[in-house]
Amino acid sequence: MDNNVHGATQNGSNKSNNITASAVSAAEVNNATTTATTTELITNKNNNIGGRSGSSSFWKNSGRLVPGRPSPKRGDTKNFSGGGVGLVGGKSDGMVSTFRDYQQSVSDAWDMGDDEFCIISGAEASGSSGKESRISKKAAQTAAINVIETHRNSANITTARLAAGPTTVSATAANLVPTTEEQKCHNSQNSIQRTEEAEQTNDYKNDTEARVKVVRNFHAYPGRPQLQKFSSNTQETEYETKIEKFQLLLESPLLDLVALKKLSWSGVPRKMRAVSWRLLSKYLPPAAERRDAVLESKRQGYQDLRHNYFRVDSQDESQQDTYRQIHIDVPRMNPQISLFQQKLVQEMFERILFIWAIRHPASGYVQGINDLVTPFFIVFMQEVLEPGTDLEKFDISTLSMDKRDAIEADSFWCLSKFLDCIQDNYIFAQLGIQEKVNQLKDLIQRIDGNLHRHLQAHGVDYLQFSFRWMNNLLTRELPLHCTIRLWDTYLAESDGFALFHLYVCAAFLLHWKDRLMQQNDFQGLMLLLQNLPTENWSDRQINVLVAEAFRLKFTYADAPKHLEAKS
């Protein structure tokens, strides 16, 4: 075992400074010179405890800079109280004289994981600079475990070697003088062990840094998962047989809408999604010969609506209030994605939302509807772009005016058809959403009483987390490509997706049951429910989610007592 790690282990793990003779003997078996180094470190340990007045230090007292720890600067003695090295009168020479200097010296102390990798160079630090070496308790315990495991492995190797040959070993380890071959073997083993430990440390550090980076990226915008690349494998590796079925169905003179819904329920191939969504939304007629004419007429009709309704200088106060609210909400939508921060894109969203609000005065514009435009907008953009285009960074100004107008018009009409069956969600007081939240509460109470009682016992009300699920249709909880896959199923629901969405939310909540049951306070539950870790979800998770939702609907929809109000 290496002298440095062994010295650090003995220094950090032996709290009472009682080192048994067997431990010393084991150290001497590995290296005859370890005893002197161990004695020196034990002496430093005793002196250190005597000069600290009972307080433990977590700072490395070496001459080199260490991230997150105040270290004495060489050649700049005016900022420190001590002029020499080592301990003077029980005080360290690294004490900072002013608060400003101290603050500057620990400005990077927020770097995560520093203490885990505080492995000191014991003999070098003590011999070259004359300073004592200190490590944290956590590092000492980790090193201690490695030493114990190494000694156990060394003992097994020694036993096997004794059983294999006639070599004799003295009972007293102090009198043992290793031969040249044994010394070479021992040095080789130590070298291999040090290499393996260094690789494990580097792998662990890289893995920790990667996890920290993912957590930071995910929590940069709470409640709004990042848009993931659409060029993922799950999007590109689609079955050719399914594409052929869609082509055969869509090219028929008179579309069988029921067959299209059955085929689309399990997901629509990307190249077929735009035309399928238009048909499923009933934006286009089933007759193939009429589609082009209807599409052209609808797009021209939207241009007429823009000309007639979208007037920013209108004198109507209610319209001014509506436009002002839309103008505030649109820039907040997906703020981390450059596509949605382009001025042309924001103007397209403002026109779509404003015209929809004017044409639906019973509800008007409600915050959250802006998120429901996004899936349609992305799908119709994919239709006109080359496969593999990075949508997040695409400059929409490079598209022709006709293509931009077509994307805007199709998004408006499909959104209007999509919201027709859930318009009561956005009327005054949003009574439709309140009813669905109560239905979700009753449904979970009947499906899983333990989870329901756990939420109730810690004061979590369903309205606090599921209101957004109902209002935004899970667009804030899922990556955008997962939302698009989920809407394949929603548009294919024959009886309207309003009821099916209730069971999707129930399956979604039950999916996180194990993690929710581990939270034992209100704060932990709400933080989890408002920031569910779905950033790495793909179509596979959505397929499981809708399958579970269908099972719940099949089980409970025909037994509607759980949807009745409790007296």
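All heavy atoms count here, side chains included; hydrogens, waters and symmetry mates do not.
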**Q** For D371 and N472, test the side chains for any donor-to-acceptor distance below 3.5 angstrom and give the result as yes or no.
**A** yes
**Q** I'd like to know whether H327 forms a side chain to side chain donor-acceptor pair (under 3.5 Å) with E350, so could you lay out the CA-CA distance, the side-chain angles of the two residues, the decisive distance to 0.1 Å, and finally the verdict.
**A** CA-CA 7 Å; H327 189 68; E350 288 177 357; 2.8 Å; yes
**Q** My understanding is that only one of F418, W487, W265 makes a ring-ring contact (aromatic ring centres under 6.0 Å, His included) with F497; could you say which?
**A** F418
**Q** Can you confirm whether more than 12 heavy atoms, excluding those of E296, are under 6.0 Å from its CD atom?
**A** no
**Q** Should the heavy atoms of other residues, nucleotides or ligands under 6.0 Å from CG of D292 be counted, would the total exceed 12?
**A** no
**Q** Is there a donor-acceptor pair closer than 3.5 Å between any side-chain N or O of H511 and the backbone N or O of A507?
**A** no
**Q** Side chain of D488, backbone of V268: donor and acceptor closer than 3.5 Å?
**A** yes
**Q** Below 4.5 Å, heavy atoms only, C-beta onward: do L284 and K298 meet side chain to side chain?
**A** no
**Q** Any side-chain heavy atom of L532 within less than 4.5 Å of one from F465?
**A** no
**Q** Looking at every non-hydrogen atom in both residues, tell me the closest pair between P285 and L279 and how far apart they are.
**A** O-CD2, 3.6 Å
**Q** Does Y302 have its ring centroid less than 6.0 Å away from the ring centroid of W413?
**A** no
**Q** Looking only at the side chains, is there a donor atom on one of Y365 and Q325 sitting less than 3.5 Å from an acceptor on the other?
**A** no
**Q** Please check: side-chain N/O of S252 versus main-chain N/O of L249, any donor-acceptor pairing under 3.5 Å?
**A** yes
**Q** Around atom NZ of K245, are there more than 12 heavy atoms of other residues, nucleotides or ligands at under 6.0 Å?
**A** no
**Q** What residue pairs, at least two apart or across chains, pass ring pair (Phe, Tyr, Trp, His ring centres under 6.0 Å) with a residue in residues 419-441?
**A** none
**Q** Give the C-alpha distance, both sets of side-chain angles, the deciding distance and a yes or no for side chain to side chain contact (heavy atoms under 4.5 Å, CB included) between V504 and W469.
**A** CA-CA 10 Å; V504 170; W469 298 6; over 6 Å; no
**Q** Thinking salt bridges, do E383 and R278 make one under a 4.0 Å N-O criterion?
**A** yes
**Q** What distance do L478 atom CG and T483 atom OG1 have between them, rounded to the nearest 0.5 Å?
**A** 5.0 Å
**Q** Can you list the steps and then say if R485 with N543 is a side chain to side chain donor-acceptor pair (under 3.5 Å)?
**A** CA-CA 9 Å; R485 165 62 192 92; N543 292 336; 2.9 Å; yes
**Q** For N334 and I337, indicate whether the former's side chain and the latter's backbone hold a donor-acceptor pair under 3.5 Å.
**A** no
**Q** So, are E548 and R551 salt-bridged, with charged N and O less than 4.0 Å apart?
**A** yes
**Q** Given L516, which partner from the list L509, V460, L510 fulfils the side chain to side chain contact (heavy atoms under 4.5 Å, CB included) test?
**A** L509
**Q** Between E493 and K553, is there a side-chain N and carboxylate O pair less than 4.0 Å apart?
**A** yes
**Q** Under 3.5 Å, is there a donor-acceptor pair between the side chain of Q342 and the main chain of F394?
**A** yes
**Q** Run through K436, H452, K441 and flag the one making a side-chain hydrogen bond (donor to acceptor under 3.5 Å, both in side chains) with Y462.
**A** H452
**Q** Keeping the roles fixed (side chain from R291, backbone from P286), state whether a donor-acceptor pair exists under 3.5 Å.
**A** yes
**Q** Are F377 and F380 near enough that their ring centres are under 6.0 Å apart?
**A** no
**Q** Please walk me through it: do K242 and S266 pass side chain to side chain donor-acceptor pair (under 3.5 Å)?
**A** CA-CA 10 Å; K242 192 170 187 178; S266 59; 3.0 Å; yes
**Q** Start with the C-alpha gap between Q367 and D329, add the side-chain angles, then the distance that decides, and say whether side chain to side chain donor-acceptor pair (under 3.5 Å) holds.
**A** CA-CA 7 Å; Q367 285 180 308; D329 288 347; 3.1 Å; yes
**Q** Report yes if some heavy atom in the side chain of L419 is under 4.5 Å from a heavy atom in the side chain of W356; otherwise report no.
**A** yes
**Q** With no hydrogens and no angle check, is any side-chain donor or acceptor of H501 less than 3.5 Å from a backbone partner on L474?
**A** no
**Q** Under a 4.0 Å threshold between the charged nitrogen and the carboxylate oxygen, would E408 count as salt-bridged to R306?
**A** yes
**Q** Out of curiosity, I355 CD1 to H360 NE2, how far, rounded to the nearest 0.5 Å?
**A** 12.0 Å
**Q** Do the side chains of R324 and D321 get close enough for a salt bridge, i.e. N-O under 4.0 angstrom?
**A** yes
**Q** Taking the ring centre of each residue, are F412 and F376 less than 6.0 Å apart?
**A** no
**Q** Do you see a donor-acceptor pair shorter than 3.5 Å between the side chains of S400 and D402?
**A** no
**Q** Determine whether a donor-acceptor pair (N or O, by modelled atom type, separation under 3.5 Å) exists between the side chain of N308 and the backbone of D304.
**A** yes
